[in-house]
Amino acid sequence: MEELLEQLLEECRPYTSLGKTADYIPELAKKDPDAFGIYVIGSEGKHSWAGDCRQSFTLQSMVKPILLLQALLDNGAEKVQSKVGVEATGKPFDAINAGEHTLDSRHINPMVNMGAIVMCTLIHGGSYKERFQRLLDLTGQLVGDPEVKIDQAVYLSEKNHGSKNRALAYLLKSYGILEDDVEEVLDCYFQACSIQVDCRGLAHMGAVLANRGKLPDSDQRVFPAPLARYVNAVLMTCGMYDGSGEFAIRVGIPAKSGVSGGIMAVVPTRMGIGIYSPALDRKGNSVAGIRLLEKLSERLYLSIF
Ligand code: GLU
């Protein structure tokens, strides 16, 4: 497996020069566009890797499936769906998706920013500090690192350049969908996006989702099995932004990307995959990362279709 990962990584390396690091969050623009790594954890616990797989980066949108899990654990599917639906928007992740009559739960998706901001309000806790701590604890279990923490520089960079997210949050507030203090909710969201991981952590999270809630190398359960079906289905239909349909054809597995250049992928019952390559395409997906997943999927027959 390691030989295959090394070989595919080298075949896909030229694609890193076709993308660009995200620059609307200034701290992300400083990342090395040539960094490239992959880590795979099989359901039975076997680890394989290649390249810069232990370099750290932030979760960004890859925290959205964790927010969704936390919201589902705390409220159940019915309550979550009354606030945040499951249908793909087909629009960019930060789009202001609101005509006069369309801003209701059916048009708010958990894998785009509006949905993620609403999900912060669904986490249980006496204060936003406590809510974020509970999210961080769940993240620690999913990525297999109880010491997981946020990248302060990225967090401050997001907070200081978050006008678009503020616009989305105030819009939600004006429609009564978000009731709490906007700045407190956004602070929770910005911190959530700034949680630091590496490819190993992403692969671990993918493996837990692939194992329907169980840790890859034990019988310990992080969340009930039906939630994996919910989250993996949402990842399949809208985890790769407005490129999810094409990704379903080319790669065919549930996955979530983030503007840091990470991709967390789930091969149900088989493995979790973490990739890092910060040069992005225009939709915000890692160019070389998608190419690498496509090749891996072809070689190992990973597509679920
Ligand atoms: N923190 C980023 C934002 O709110 C997350 C976007 C992403 O990774 O898609 O814009």
Side-chain angles (χ1 to χ4, degrees), residues 19-31 33 56-68 84 88-97 108-121 132 135-136 139 143 150-172 178 182-197 199 201-202 205 234-235 237-244 247 254-265 274-287 289-290:
K20 218 171 134 295
T21 52
D23 55 8
Y24 76 102
I25 300 170
E27 208 48 43
L28 294 184
K30 297 182 188 166
K31 302 293 171 192
S56 62
F57 50 91
T58 49
L59 277 173
Q60 297 302 329
S61 262
M62 293 171 288
V63 79
K64 286 169 179 152
I66 309 177
L67 278 167
L68 179 57
V84 179
T89 64
K91 295 193 168 63
F93 62 89
D94 58 353
I96 297 191
N97 186 27
I108 300 178
N109 179 280
M111 295 300 127
V112 296
N113 291 11
M114 254 194 185
I117 292 167
V118 177
M119 287 191 296
C120 290
T121 72
F132 178 71
L135 181 75
L136 198 60
T139 305
V143 303
I150 67 170
D151 178 326
Q152 280 294 333
V154 173
Y155 159 63
L156 292 175
S157 190
E158 292 221 26
K159 199 175 161 79
N160 295 332
H161 296 86
S163 307
K164 190 82 182 276
N165 285 317
R166 282 196 177 79
L168 294 171
Y170 278 104
L171 190 69
L172 289 163
L178 186 155
V182 168
E183 285 304 324
E184 262 195 315
V185 179
L186 282 172
D187 199 58
C188 178
Y189 172 70
F190 293 140
Q191 288 189 73
C193 291
S194 306
I195 297 172
Q196 242 175 0
V197 284
C199 293
L202 293 183
M205 174 174 161
V234 170
L235 291 178
T237 53
C238 36
M240 300 297 287
Y241 305 122
D242 44 336
S244 298
F247 183 83
K256 183 75 202 86
S257 54
V259 292
S260 51
I263 304 178
M264 185 280 303
I275 291 182
Y276 179 54
S277 169
L280 310 177
D281 64 19
R282 295 227 306 263
K283 292 181 174 174
N285 289 317
S286 167
V287 184
I290 290 194

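This is a predicted model, so every value here is computed, not measured. For ligands, and for the atoms within them, numbers begin at 1 and follow the listed sequence.
- Annotation for ligand 1: atoms under 4.0 Å from non-hydrogen atoms of Q60 are 1 (N), 2 (C), 5 (C), 8 (O).
- With ligand atoms numbered from 1 in the order given, ligand 1 contributes 7 (C), 8 (O), 9 (O) to contacts under 4.0 Å with heavy atoms of Y241.
- When all heavy atoms are compared, the tightest approach of I25 to V259 is CD1-CG2, 4.5 Å.
- Atoms of ligand 1 lying under 4.0 Å from any heavy atom of F93, numbered from 1 in the order shown and given with element: 6 (C), 9 (O), 10 (O).
- With hydrogens and angles ignored, the 3.5 Å screen pairs no side-chain donor or acceptor of S194 with any backbone N or O of I150.
- The protein heavy atom nearest to atom 7 (C) of ligand 1 is S61 OG, 2.8 Å.
- For a threshold of 3.5 Å applied to N or O pairs, the pair formed by E158 and ligand 1 contains at least one separation below that value.
- A donor and an acceptor atom, one from each side chain of N109 and T89, are nowhere located under 3.5 Å apart.
- Smallest separation of non-hydrogen atoms from S286 and S277: OG-O, 2.8 Å.
- Figure legend: K256 and Y241 shown as a cation-pi pair, the cationic atom lying under 6.0 angstrom from the six-membered ring centre and within 45 degrees of its axis.
- Close approach of ligand 1 to V259 (heavy-atom distance below 4.0 Å) involves ligand atoms 6 (C), 7 (C), 8 (O), 9 (O).
- Nearest protein neighbour of atom 4 (O) of ligand 1, counting heavy atoms only, is Y189 OH, 2.7 Å.
- The heavy-atom pair separating L28 from T21 by the smallest distance is O-CB, 3.8 Å.
- Near N165, meaning under 4.0 Å from any of its heavy atoms, are these atoms of ligand 1: 3 (C), 4 (O), 10 (O).
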